[in-house]
Amino acid sequence: MQEKRFSAQDIRYLQLLRKQYRTIQEASAEVAHLRAVLRLPKGTEHFLSDLHGEHAAFLHILHNASGVIKRKINDLYGDILSTHERDMLSTLIYYPDEKLALLKKQGVVSLEWYRLTIYRLVEVCRVCSVKYTRTRVREAMPKGMGSLIAELLASDGTPDKEGYYREVMQSILETGQADAMIIALSQVIQTLAIDRLHIIGDIFDRGPRADLILDALENYHQVDVQWGNHDIVWMGAAALSEACIAQVIVTSVKYGNLETLEVGYGISLRPLATLAMSCYADDPCDAFLPRDNGEDLHEDEMELARMHKAAAILQFKLEGQLLARHPEYGMDERRILHRIDMKAGTVTIDGTTYPLRSCHFPTIDPNDPYALTPLEREVMDRMTLEFAHSEKLQRHVQFLYSAGGMYLRCNGNLLYHGCIPMEDDGEFSAIPVSGRESLCGRAAIDAVDLLARQGYFSTLGQKVRQDGQDFLWYLGSGPNSPLFGKAKMATFERYFISDKASHVETKNPYYEYQNDEATALRILREFDLSETGFIINGHVPVKLGQGESPIKAGGRLLVIDGGLSRAYQPVTGIAGYTLIFTSHELNLVAHQPFESTASAISSEQDIHSVQSLVKQMPRRLLIADTDDGEALRGRIDDLMALIEAYRSGVLKEARG
């Protein structure tokens, strides 16, 4: 066999690798380990989309892994335990602290109950752990209980060690560690039930506590996020885009949801309330009364309505300034304030003149309609400081940047929130990426991702940073934004014009082609993916009650926005879709509305879910079939090169 020749660059890399594997024996052992890992089953992937701040429903779906844990319990104990006992065990795994406290109060807990429950949890944990290496399972265990859990999982029922394991259990009970063991086992089961979590956009919006969702995601063992249009506006606000800050505030007061801002992120809206009282105290603000999002509204609806109008006018002014800076966006028609005829009480939009529902604009100067008044300027300066100094918001947005992006190619599938912008003829549209030639398709989406990061991270001067911040706003509501997917956001029209024809927001032609298999296959090819893959999409709720299907394009495209947000449920007819991709199959799960966490704990009421098979795999998928498998094969090749370098004398093994 011809001796392998190493380039200088090869040798520099292998010298770095030698620090980790100092001998042929160490490198060979790692090769054997990695080759064995390739033969393990593929881990389970969990896909969720359009959470819209609905933290309670999201956390429950996260805890129950879209029914994966319940199915494992049913497989183990379907013929042994009653339905009530299985439900109790499931709820204990989902909410171990709270359920334990309740069961103690009810007098259910005893030494024998502890013994049986721990044994059952160990069995469930063992079933969840079979896909993983011992190292991975150990990493999932909490430090304090890791050794004991490892011992219990190693129990195989052999008579020789029966006394040993019995004594382990007795010691747990006698030392008062049963509660800690149950909590630890439940957490390990939740971790091992799902290998990787995918969030297909829109964590933020009208729901009560998006910040609690992000708290959970930050601490999840393996997660990625594809940005949604609502997320990108919050990211722009954290980057200190004034237009995005105004839009975030408008959405919050519009739905009477101040908790995320004020409680979650510690951002006070008092400056806005002062502006509202000063300028709109006598304004009925009929079009600005907060919408009921399922939560209790603010104690003073009129105060919220005035704040809503004050923030909306700020938004229109700031957006007008932004669009004047960027004619390349092609959105001059969305600069509306200078098109208002104050005397006639009309506004002209897209060549049509409409009567206004209200013409009370005390802060708009007809001669300079986009200029902020001194009080508005003071309010925006103070609000910008609030967003800048919210440590938790900044941390969450940094997480979205580090764990997220515009799209993800994962295990042969393409994940994105909104759309790939298209023309009427189905060709990919150009996206106005500042400072770049006209880009379409994947090249455009890649450039968009970079520009979105520029808005938050750039240190190349205020102009470069502001261009990125402005583009974050465009991504939230621009006509060719891959996250927005509509010709316009008719916010002004809905507030001030009665004619509903002006409210229409025409969808991008992508949505006309969404059910076309040839288009889906072309998109997969555009992103260098096999035509056997799937596009996993969110953004537009599937109206199941009106006969729509989440499975489109001949089965190649799956829309998993089924209405987790309660505001959409009357239209969708369900309360959200999730997707489960195991080593055996791809399943779409339709969920019914979630009542409450308290009900789930006290009455053991799980979300009722219906699973539909999307694809049965021709054989069980292994890690070798995944992106991780491809990376492992590359690692094996590197180690084999290191072994060859040792054997040929190019590098010397470490001594001692």
Side-chain angles (χ1 to χ4, degrees), residues 201-202 205-206 227-233 236 241-244 246-251 254 287-288 291 308-309 311-340 346-357 364 369-370 417-424 428-434 444 448 470-514 538-541 561:
D202 276 358
D205 190 21
R206 63 198 67 190
W227 302 327
N229 53 305
H230 292 290
D231 305 324
I232 210 76
V233 174
S241 159
E242 291 188 341
C244 288
Q247 190 171 335
V248 162
I249 294 171
V250 165
T251 301
K254 178 179 182 178
F288 295 90
R291 297 184 184 181
H308 187 181
K309 185 168 184 179
I313 298 302
L314 274 171
Q315 178 184 346
F316 299 141
K317 288 185 174 185
L318 293 165
E319 289 176 350
Q321 294 175 17
L322 184 153
L323 291 174
R325 294 194 293 270
H326 294 281
E328 74 274 15
Y329 291 173
M331 295 178 66
D332 188 63
E333 281 296 322
R334 300 313 299 161
R335 300 182 73 240
I336 295 174
L337 299 186
H338 69 285
R339 305 175 195 276
I340 295 173
T346 61
V347 64
T348 301
I349 299 176
D350 294 326
T352 301
T353 299
Y354 301 94
L356 291 166
R357 295 171 60 185
I364 295 178
Y370 300 102
H417 175 73
C419 67
I420 308 300
M422 291 181 175
E423 300 294 332
D424 289 335
F428 297 133
S429 291
I431 300 176
V433 184
S434 179
V448 163
D470 291 350
F471 196 73
L472 287 166
W473 174 86
Y474 178 88
L475 285 173
S477 52
N480 268 357
S481 163
L483 301 183
F484 181 53
K486 295 180 184 178
K488 69 176 183 180
M489 184 181 287
T491 308
F492 182 93
E493 290 90 330
R494 287 193 294 269
Y495 288 143
F496 293 107
I497 299 175
S498 297
D499 186 347
K500 291 188 177 181
S502 69
H503 302 180
V504 174
E505 298 174 342
T506 305
K507 292 180 183 177
N508 186 272
Y510 168 88
Y511 295 100
E512 293 294 321
Y513 287 94
Q514 204 175 33
H539 188 48
V540 177
D561 180 4

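When reading the values below, keep in mind they use all heavy atoms of this one structure, side chains included, and skip hydrogens, waters and symmetry mates. All residue numbers in this chain count up from 1 along the given sequence.
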Self-check item: Pair His326-Asp470, side chain to side chain donor-acceptor pair (under 3.5 Å): steps then yes or no
Solution: CA-CA 9 Å; His326 294 281; Asp470 291 350; 2.7 Å; yes
Exercise. Walk me through it: do Asp424 and Tyr513 pass the test side-chain contact (heavy atoms from CB on, under 4.5 Å)?
Key: CA-CA 9 Å; Asp424 289 335; Tyr513 287 94; 5.9 Å; no
Exercise. Could you go through the side chain to side chain donor-acceptor pair (under 3.5 Å) check for Thr346 and Thr353 one step at a time?
Key: CA-CA 6 Å; Thr346 61; Thr353 299; 5.7 Å; no
Exercise. Decide side-chain contact (heavy atoms from CB on, under 4.5 Å) for Asn508 and Lys486; before the verdict, give the C-alpha distance in whole Å, the side-chain angles of both, and the deciding distance to 0.1 Å.
Key: CA-CA 5 Å; Asn508 186 272; Lys486 295 180 184 178; over 6 Å; no
Practice problem: Apply the test side-chain contact (heavy atoms from CB on, under 4.5 Å) to residues Leu483 and Asp231: give CA-CA distance (whole Å), side-chain angles for both, the deciding distance (0.1 Å), then the verdict. | Solution: CA-CA 10 Å; Leu483 301 183; Asp231 305 324; over 6 Å; no
Practice problem: Determine, step by step, whether Gln315 and Leu318 satisfy the side-chain contact (heavy atoms from CB on, under 4.5 Å) criterion, reporting the C-alpha distance in whole Å, the side-chain angles of both residues, the deciding distance to 0.1 Å, and the verdict. | Solution: CA-CA 5 Å; Gln315 178 184 346; Leu318 293 165; over 6 Å; no
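Atom NZ of Lys317 is separated from atom CG of Leu314 by 7.0 Å, given to the nearest 0.5 angstrom. One finds the CG atom of Leu337 at 9.5 Å from the CD atom of Glu319 (value rounded to the nearest 0.5 Å). Separating the CZ atom in Arg494 from the OG atom in Ser502 is a distance of 9.5 Å, to the nearest 0.5 Å. Interatomic distance, CG of Leu356 versus CD1 of Ile340, reported as 6.0 Å (0.5 Å rounding).
In this pair, Tyr511 and His539 present their aromatic rings tilted. The plane angle is within the 30 to 60° band. Ring-plane geometry between Tyr474 and Tyr329 is classed as tilted, the angle between the planes lying from 30 to 60 degrees on a 0 to 90 degree scale.
Taking 4.0 Å as the cut-off between side-chain N and carboxylate O, Glu493 and Lys488 count as a salt-bridged pair. Residues Asp205 and Lys254 are not paired through a salt bridge, judged by the lack of any N-O separation under 4.0 Å between the basic side chain and the carboxylate.
The two residues Asn480 and Ala430 come nearest to each other via the heavy atoms ND2-O, 2.9 Å. When every heavy atom of Ala246 is checked against every heavy atom of Ala311, the shortest pair comes out as CB-O, 4.4 Å. Contact detail for Ala444 and Ile431: the closest heavy-atom pair is CB-CD1, 3.7 Å. The heavy-atom pair separating Ser477 from Met331 by the smallest distance is O-CE, 3.9 Å. Minimum heavy-atom separation, Glu423 to Ser429: OE2-OG, 2.8 Å.
Contact of the Arg334 side chain with the Ile349 side chain is registered, since non-hydrogen atoms from C-beta on lie closer than 4.5 Å. The shortest side-chain heavy-atom distance between Thr491 and Phe316 falls under the 4.5 Å cut-off. No side-chain heavy atom of Ser241 sits less than 4.5 Å from a side-chain heavy atom of Leu472. Using a 4.5 Å heavy-atom cutoff, the side chains of Phe496 and Ile336 are not in contact.
Note that Arg357 lies outside the cation-pi zone of Tyr495, set by a 6.0 Å cut-off to the ring centre and a 45° limit from the axis.
Aromatic rings from Tyr510 and Phe428 are positioned such that their centres are separated by 6.0 Å or more.
Although no hydrogens or angles enter the test, the distance criterion places no donor-acceptor pair under 3.5 Å between the side chain of His230 and the main chain of Asp202. Put simply, the side chain of Asn229 never gets that close to the backbone of Gly418: no donor and acceptor are under 3.5 Å apart. In terms of modelled atom types and a separation under 3.5 Å, the side chain of His503 and the main chain of Ile497 share a donor-acceptor contact. When atom types are taken as modelled, the side chain of Tyr370 and the backbone of Arg335 share a donor-acceptor pair closer than 3.5 angstrom. Within the 3.5 Å criterion, the main-chain N or O of Met489 finds no donor-acceptor partner in the side chain of Glu505. Under the 3.5 Å distance criterion, the side-chain polar atoms of Thr251 are matched with a main-chain donor or acceptor of Gln247. Judged by distance alone, with hydrogens and angles left aside, the side-chain atoms of Ser481 form a donor-acceptor pair with the main-chain N or O of Phe484 at under 3.5 Å. Judged by distance alone, the side chain of Asp332 and the main-chain N or O of Leu323 form no donor-acceptor pair under 3.5 Å. Looking only at distances, no side-chain donor or acceptor of Thr506 sits under 3.5 Å from a matching main-chain atom of Ala487.
Surrounding CD of Glu512 are at most 12 heavy atoms belonging to other residues, nucleotides or ligands under 6.0 Å away.
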